[in-house]
Structure formats: C-alpha cells, structure tokens
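Written below as structure tokens is the structure these notes are about.
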Amino acid sequence: MNTDFPGFPGRLIGGATLVAGPVVLCAGYLLRYLSTVTALTPQQQQWAEAQPFAAYGQLLGYTAAPALFALAYAVFTLGALLMFPAFIALAQRVGGGLAFWGATLLAAGLCARLYFAGADQTAFQLTEVIGLDQATNAIMKEYVDISYGPWLVPVSASVGQYAGSLLLAIAAWRSGLLGTARALMLLLAGGTWMGVLKSASIPDVLATALLCVALVPLGVRILGNRQPTPPGRPKALSW
C-alpha cells in the first residue's frame, strides 16, 4: 500500500474528491429517480415502464419538469467528474499495477458517462426545438447508434466501469486499505447502469450510498493527513 501522493491529484484534491465525489454522485442518482417519479403521473409512469427503452419516459418527464430534470442530470454529471480524481487518488493510495489498471478502466468509464451526458442534453434540447413527439421519434429511430457512439468508442469505454471496479476493489482488498465489506461496496457501485437517457432506481441510490460509506472515511483521513492502520493479511470477513 502506497501512502504518498507524489503527483496528480495530490492529497487535498484526492481527499476532497473521495469525500465529495461519492456524495454528489449519490445525490445525482437520487435526483434522477425523484425527478421521474415527480414529473410523471402514475398513468404516465405505467406507460413509460411498458416502453422498450427508458428514454421514452425520460423525454416525457423532461417536457413536464425541465428545470428539475436539468438539475438532476447536472448533479449526476458533476458527480461523475468528481469521481475521476477520486479513483486516481484511491489507486495511488493502494499502489501497484492492479490498482492502476482498475483506475484507468474506471476513468474510461467516466469518459463514457460524459459522452452519454452530452447525448442526454442534446435530446432534451431537441424536445424544445421540434416538440416532444417529433423529438422522440427522431431519437428513438437512431437510439442504438446514438447510444453506442462513433466507432463504438463510448460503449466500449463504458465496459471499463465494470472491469475497473472489479480490479480496483480486489487491489484495495489485497492491500488491506479496504476490508471485504467496503471492497464489495466499491464493486457493487461499479455495477450501476451506463447509457443514454436512463432512469435511476432505488437500488442505484443505495449502491452509491454504499460507495459513500466505503470511500468518504478514507477521504477524511487523507484530508486530515492521517495514515491508515498498517494492513495485515487480507481476511475473508473484514470491514
């Protein structure tokens, strides 16, 4: 386990984003969930759930409550941005090739989230220009190509979230920085959805809430310039 921060992002940025990143991301998931259930009537929610993609309900919800949806998607995107230096800081604290590979793949997944955020914003703005029905028809006609991105680069990068969280969780557990429980929390958060115009759920909120439990105390220790307890051999059951 490495206890130094010789380069990017440094102790202050690393510690601050380990605290703020999971919290803001969790707030983004919560706002995305609440915006959908608030903007849509029970009948509209039932209709949206019957559609093949969540995009139908998201576009309908945006036209009903554009300010709320803009807030939810903005907070979610900010959380993804903050997680970039947070994952790098975690990998630095763990040390070793496995952790660096995990953080690199997670960074690729976060880049994919930014592509998806741009596609979300474009779709929402299109409803204001040509109306909900025409925008929905146009977007859903090209939904697969929009979601996959040019040369499949964004959808390929999104796989990095799942593979990266697995590698980083294993590395953090092996180093003793995270016990079994917190390593599993990191892995669970890495399983949340990726894509364009997706709807959030209570399990998404809970998964990122567990990410807060796993990473925020570490960020606080880093900000306080306190070294973690020297690790021993990894145990099957540990915090």
Side-chain angles (χ1 to χ4, degrees), residues 1-11 13-15 17-26 29 76 79-116 149 152-195 198 203-204 206-219 221-222 228-239:
M1 181 182 65
N2 186 5
T3 59
D4 298 324
F5 285 93
F8 176 82
R11 182 177 65 84
I13 295 176
T17 53
L18 279 166
V19 173
V23 173
V24 175
L25 187 63
C26 183
Y29 274 109
F76 182 82
L81 282 171
L82 291 172
M83 288 308 303
F84 177 81
F87 284 137
I88 301 300
L90 177 59
Q92 282 189 331
R93 180 57 60 121
V94 172
L98 193 64
F100 294 143
W101 272 108
T104 299
L105 290 171
L106 279 166
L110 293 172
C111 289
R113 285 201 182 277
L114 295 183
Y115 168 84
F116 299 141
L152 306 182
V153 171
V155 72
S156 299
S158 69
V159 179
Q161 173 182 288
Y162 310 110
S165 61
L166 175 61
L167 295 181
L168 189 54
I170 292 174
W173 176 77
R174 289 178 59 187
S175 73
L177 183 66
L178 298 181
T180 306
R182 286 182 293 163
L184 288 175
M185 292 175 187
L186 174 61
L187 180 61
L188 182 62
T192 54
W193 48 259
M194 300 277 281
K198 299 291 187 180
D204 297 322
L206 294 177
T208 45
L210 291 176
L211 185 65
C212 296
V213 175
L215 298 185
V216 168
L218 177 61
R221 292 189 67 88
I222 291 173
T229 303
R233 291 176 58 85
K235 298 179 179 180
L237 297 177
S238 58
W239 175 248

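Only this structure's heavy atoms are used, side chains among them; waters, hydrogens and symmetry mates stay out.
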CA sep, side-chain torsions, deciding dist, call: Arg113, Met83, side chain to side chain contact (heavy atoms under 4.5 Å, CB included): CA-CA 11 Å; Arg113 285 201 182 277; Met83 288 308 303; over 6 Å; no
Worked check of side chain to side chain contact (heavy atoms under 4.5 Å, CB included) between Val94 and Leu178: CA-CA 9 Å; Val94 172; Leu178 298 181; over 6 Å; no
Verdict with supporting geometry, Ile170 and Leu187, side chain to side chain contact (heavy atoms under 4.5 Å, CB included): CA-CA 9 Å; Ile170 292 174; Leu187 180 61; over 6 Å; no
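Nearest heavy-atom pair across Ala80 and Leu110 is O-CD2, 3.6 Å. Heavy-atom minimum distance, Ala91 versus Phe100: O-CE2, 3.6 Å. The two residues Leu82 and Pro85 make their nearest non-hydrogen contact at O-CD, 3.3 Å. Smallest separation of non-hydrogen atoms from Met185 and Leu210: SD-O, 3.4 Å. For the pair Gly190 and Tyr162, the tightest heavy-atom approach, listed with the atom from each and the gap, is O-CD2, 3.0 Å. Smallest separation of non-hydrogen atoms from Gly219 and Leu18: CA-CB, 3.7 Å.
Applying the ring pair (Phe, Tyr, Trp, His ring centres under 6.0 Å) criterion to Phe87, with sequence neighbours excluded, gives no partner residue. Considering only residues two or more places apart in sequence or on other chains, Thr104 meets the side chain to side chain donor-acceptor pair (under 3.5 Å) condition with none of them. Not counting sequence neighbours, Phe84 has no partner by the ring pair (Phe, Tyr, Trp, His ring centres under 6.0 Å) test. Residues satisfying the side chain to side chain contact (heavy atoms under 4.5 Å, CB included) criterion with Ala189, sequence neighbours excluded, are Leu211. Remark: Leu167 engages Leu98, Trp101, Leu105 in a side chain to side chain contact (heavy atoms under 4.5 Å, CB included) (not counting sequence neighbours). Residues meeting the side chain to side chain contact (heavy atoms under 4.5 Å, CB included) test with Val216, sequence neighbours left out: Val19, Val23, Cys212, Val220. In this view, Thr208 and Leu25, Cys26, Tyr29 satisfy the side chain to side chain contact (heavy atoms under 4.5 Å, CB included) rule, not counting sequence neighbours.
Within the model, atoms CG of Leu188 and CG of Leu206 stand 9.0 Å from one another, a figure rounded to the nearest 0.5 Å. We find the CD1-OG1 distance between Ile88 and Thr17 to be 9.5 Å, quoted to the nearest 0.5 Å. Taken from CG in Leu106 to SG in Cys111, the straight-line distance is 11.0 Å, to the nearest 0.5 Å.
Listed for the Gln161 side chain is a donor-acceptor partner under 3.5 Å among the backbone atoms of Thr192. With hydrogens and angles disregarded, a donor-acceptor distance shorter than 3.5 Å links the side chain of Arg11 to the backbone of Ile222.
Side-chain contact between Gln92 and Pro9 is present, with heavy atoms from C-beta onward closer than 4.5 Å.
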